[in-house]
Amino acid sequence: MTTQGLLHVRAEIARACKDAGRDPAGVILIAVSKTFPAEEIAPVIEAGQRVFGENRVQEAKGKWPALIEKYPGIELHLIGPLQSNKAKEAVALFDAIHSVDRASLCEALAKEIDKAARAPTLFVQINTGAEPQKAGVLPQDADVFIKTCVQTYGLTISGLMCIPPAEDAPGPHFALTAKIAARNGLKLLSMGMSADFADAIALGATHVRVGSAIFGSRPPLLT
Ligand SMILES: *Cc1c(COP(=O)(O)O)cnc(C)c1O
């Protein structure tokens, strides 16, 4: 896997763009490197990939600062849930945060963005399947929440993110996310993972988050 996986995913993205009549420049590949050590990430960087995703602040802090120092132009995205007490570290390390989903987090992010004079690109996560165990704003609450982010907390929201329920066909979830983004004037759509990024591209994804198709299967999470 790794560089071979990367080349394969890039080719599949190009094909999905062609099928959808989209410019490939409009789709950013986020290589999701969670659970993989720096030694397995470095070859992917050396193959030309610069945009990476991690789902835990602590893990990212452990492995990315040295890689960022060594390789110019790395862009790091936080794609997992964020606790308000880690907002400061997240704002310092990440170029984008995909998991904005509650007022307390907005408040913490606004404060840290102001202090750091550094503003990551922000996505609001939509829990399109209304799954109780999953983070994100419910679809019916999304419009009000996005307004609150902007008007109450002064945040700039650039797009929406979703993770469809594993057991569902992803298309309707991507379409719903795209519809909420369009009516709120948001341009970026973070949707699509290893199994379904081509569907997501057909439905307007601007950022696909692909892990196992690049890095191989992950070791089971130690909890
Ligand atoms: C792990 C993860 C991914 C990547 O999943 P793969 O199926 O390995 O491509 C994408 N998005 C989020 C939020 C993740 O946590």
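No hydrogens, no waters, no symmetry mates; every other heavy atom, side chains included, goes into these values. Each ligand, and each atom within it, is numbered from 1 in the order the structure gives. The structure presented is a predicted model; accordingly, all values stated were derived computationally and were not measured.
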TODO: Report, as yes or no, whether the 6.0 Å neighbourhood of atom CZ on R183 holds more than 12 heavy atoms from other residues, nucleotides or ligands.
DONE: yes
Open item on the list: Does atom NZ (K134) have a neighbourhood of more than 12 heavy atoms from anything else shown, all under 6.0 Å?
Closed with: yes
Open item on the list: Show, in sequence, the C-alpha distance, side-chain angles and deciding distance for I45 and R50, and conclude whether the side-chain contact (heavy atoms from CB on, under 4.5 Å) test is met.
Closed with: CA-CA 6 Å; I45 302 175; R50 284 296 179 276; 3.2 Å; yes
Open item on the list: Pair W64, I74 - check side-chain contact (heavy atoms from CB on, under 4.5 Å), show working.
Closed with: CA-CA 9 Å; W64 278 99; I74 297 288; 3.7 Å; yes
- [ ] Check K34 against ligand 1 and report side chain, backbone, both or neither, counting heavy atoms closer than 4.0 Å.
- [x] side chain
Open item on the list: Salt bridge or not between K111 and E107? Use side-chain N to carboxylate O under 4.0 Å.
Closed with: no
Task: Atoms in ligand 1 flagged as close to I163, the criterion being non-hydrogen separation under 4.0 Å - done: 13 (C)
Task: Heavy-atom nearest neighbour in the protein, as seen from atom 11 (N) of ligand 1, with distance rounded to 0.1 Å - done: R209 NE, 2.9 Å
Task: Ring geometry between F123 and H207 (parallel below 30°, tilted from 30 to 60°, perpendicular above 60°) - done: perpendicular
TODO: Report the nearest protein non-hydrogen atom to atom 12 (C) of ligand 1: residue, atom name, distance rounded to 0.1 Å.
DONE: I79 CD1, 3.4 Å
Task: Per-atom contacts of ligand 1 with V210, taking only distances under 4.0 Å to non-hydrogen atoms - done: 9 (O)
Open item on the list: Would N55 count as a polar contact of ligand 1, with the cut-off being nitrogen or oxygen pairs under 3.5 Å?
Closed with: no
TODO: Look at atom 10 (C) of ligand 1 and say which protein heavy atom is nearest, naming residue and atom and giving the distance to 0.1 Å.
DONE: M193 SD, 3.3 Å
Open item on the list: Taking only non-hydrogen atoms of R218, do any sit less than 4.0 angstrom from ligand 1?
Closed with: yes
Task: Minimum-distance protein heavy atom relative to atom 6 (P) of ligand 1 - done: S194 OG, 3.5 Å
Open item on the list: Take a 6.0 Å sphere around CD of E69 and say whether it holds more than 12 heavy atoms from other residues, nucleotides or ligands.
Closed with: no
